[in-house]
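In listed order, ligands and their atoms are each counted from 1. Predicted model, so just to flag it, every value in this text is computed and none were measured. Note that the numbering runs from 1 along the sequence shown for the chain.
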Amino acid sequence: MADTSINLDALRQRIDQLDDDILRLISERADCAQQVAHIKLAEDEEAVFYRPEREAQVLRRIMALNKGPLDAEEMARLFREIMSACLALEKPIKVSYLGPEGTFTQQAALKHFGESAISLPMAAIDEVFREVEAGAVNYGVVPVENSTEGVVNHTLDTFMDSSIRICGEVVLRIHHHLLVSETTRRDKVSRIYSHPQSFAQCRKWLDAHFPHAERVPVASNAEAAKLVKTEWHSAAIAGDMAAKLYNLERVAEKIEDRPDNSTRFLIIGNQDIPMSGEDKTSIVVAMRNQPGALHDLLEPFHRHQIDMTRLETRPSRTGVWNYVFFIDFKGHRDEPRVTAVLEEVQLRAAELRVLGSYPQGVL
Ligand SMILES: O=C(O)C(=O)C[C@]1(C(=O)O)C=C[C@@H](O)C=C1
């Protein structure tokens, strides 16, 4: 027994020494970031402080160097927060997201920008776009694919009428929990609130465990969590952020039917992002309604061996052309083979707009 306490003291002393080192090193790093800010300002009065391509490189390098025992993602999350604090020291950035507070979109915003960013909830996707366009915030976060908030098409449609650019992406693993408040009679739950897509993602679990409870769809998971506070016979399906925000208890965790349930979010802004080394490009293409149009559009991608990650069709709203395609592919618009493809597609399409080239999501 006596031996272990000696070991414990020694280990804690060692931890104190290491913390001294970490503290000094983080402060030195923050000092460097401040110097970077001065250089950026000297070069340009309207300097852009946030550099997503550099942040992606920093995080990828750390993950590659990491030897454990913490896993690479955990380590990157720590560095994410250090960088977030360094950026806030240069200039705090403001980020709007599809609210209300407690949604998965807020979680995505935090995951991407870290805790030091100032994040502001908006009531609708258009508002997130508008705030960015008006310069009221620096960036926006909106769900786009496989969404739990149910707005994929809406986000795509909003891009059609906007000059906004895509500056990044973030993929979030979505875990749903069954939540109750301290006043809920757990044996008497007769109503469950959630977003329609969350119900869809937890259908099997609900059929097995709550076949008779009424399922009431609401606008967001956070809204569902809020409602539970007021009704003793209700529960909600929502994620960690909403549970924490409304101080709810998890009766059952990770109740989604598919364990790999995830949602992709886009970071929108007014900035063109330089190459990070592992990038994606998103474009929107309008085609005339003629035989072989889709084949003509896709052929250059195939020939230049460009890896398409998503192809989405939306009805055109102008009537001049019939199809509008949203295409995501690997590569940056400044890479010669991507430039070549874009030139070819431009010739074949009625209209082509590059929504942005941006680093592939790291975390
Ligand atoms: O390298 C820069 O441009 C910095 O401002 C430094 C730093 C960092 O902390 O590493 C901070 C903010 C930027 O978004 C990218 C990186």
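With ligand atoms numbered from 1 in the order given, ligand 1 contributes 2 (C), 3 (O), 4 (C), 5 (O) to contacts under 4.0 Å with heavy atoms of V36. With ligand atoms numbered from 1 in the order given, ligand 1 contributes 9 (O) to contacts under 4.0 Å with heavy atoms of C86. In the vicinity of F49, heavy-atom distances shorter than 4.0 Å reach the ligand 1 atoms 13 (C), 14 (O). Near E90, the atoms of ligand 1 lying under 4.0 angstrom from a non-hydrogen atom of the residue are 4 (C), 5 (O), 6 (C), 11 (C), 12 (C). Heavy-atom proximity to Y50, at under 4.0 Å, picks out these atoms of ligand 1: 14 (O).
No donor-acceptor contact under 3.5 angstrom links the side chains of E90 and Y50, judged on distance only. A donor atom on one side chain and an acceptor atom on the other are found under 3.5 Å apart for R60 and S276.
You'll find the ring centres of H176 and F104 inside the 6.0 Å limit.
For the pair E74 and R77, the salt-bridge criterion is met [side-chain N within less than 4.0 Å of a carboxylate O].
Residue K40 has at least one nitrogen or oxygen atom sitting less than 3.5 Å from a nitrogen or oxygen atom of ligand 1, judged on distance alone.
Counting heavy atoms from C-beta on, the side chains of D21 and R24 come closer than 4.5 Å.
Residue R54 touches ligand 1 through its side chain alone, judged by heavy-atom distances below 4.0 Å.
Closest to atom 14 (O) of ligand 1 among all protein heavy atoms lies E55 OE2, 2.6 Å. The shortest contact between atom 9 (O) of ligand 1 and any protein heavy atom is with R29 NH1, 2.8 Å.
Taking CD of Q107 as the reference point, atom NZ of K244 lies at 8.5 Å (rounded to 0.5 Å).
Checking side-chain atoms of R80 against main-chain N and O of H112 turns up a donor-acceptor pair under 3.5 Å.
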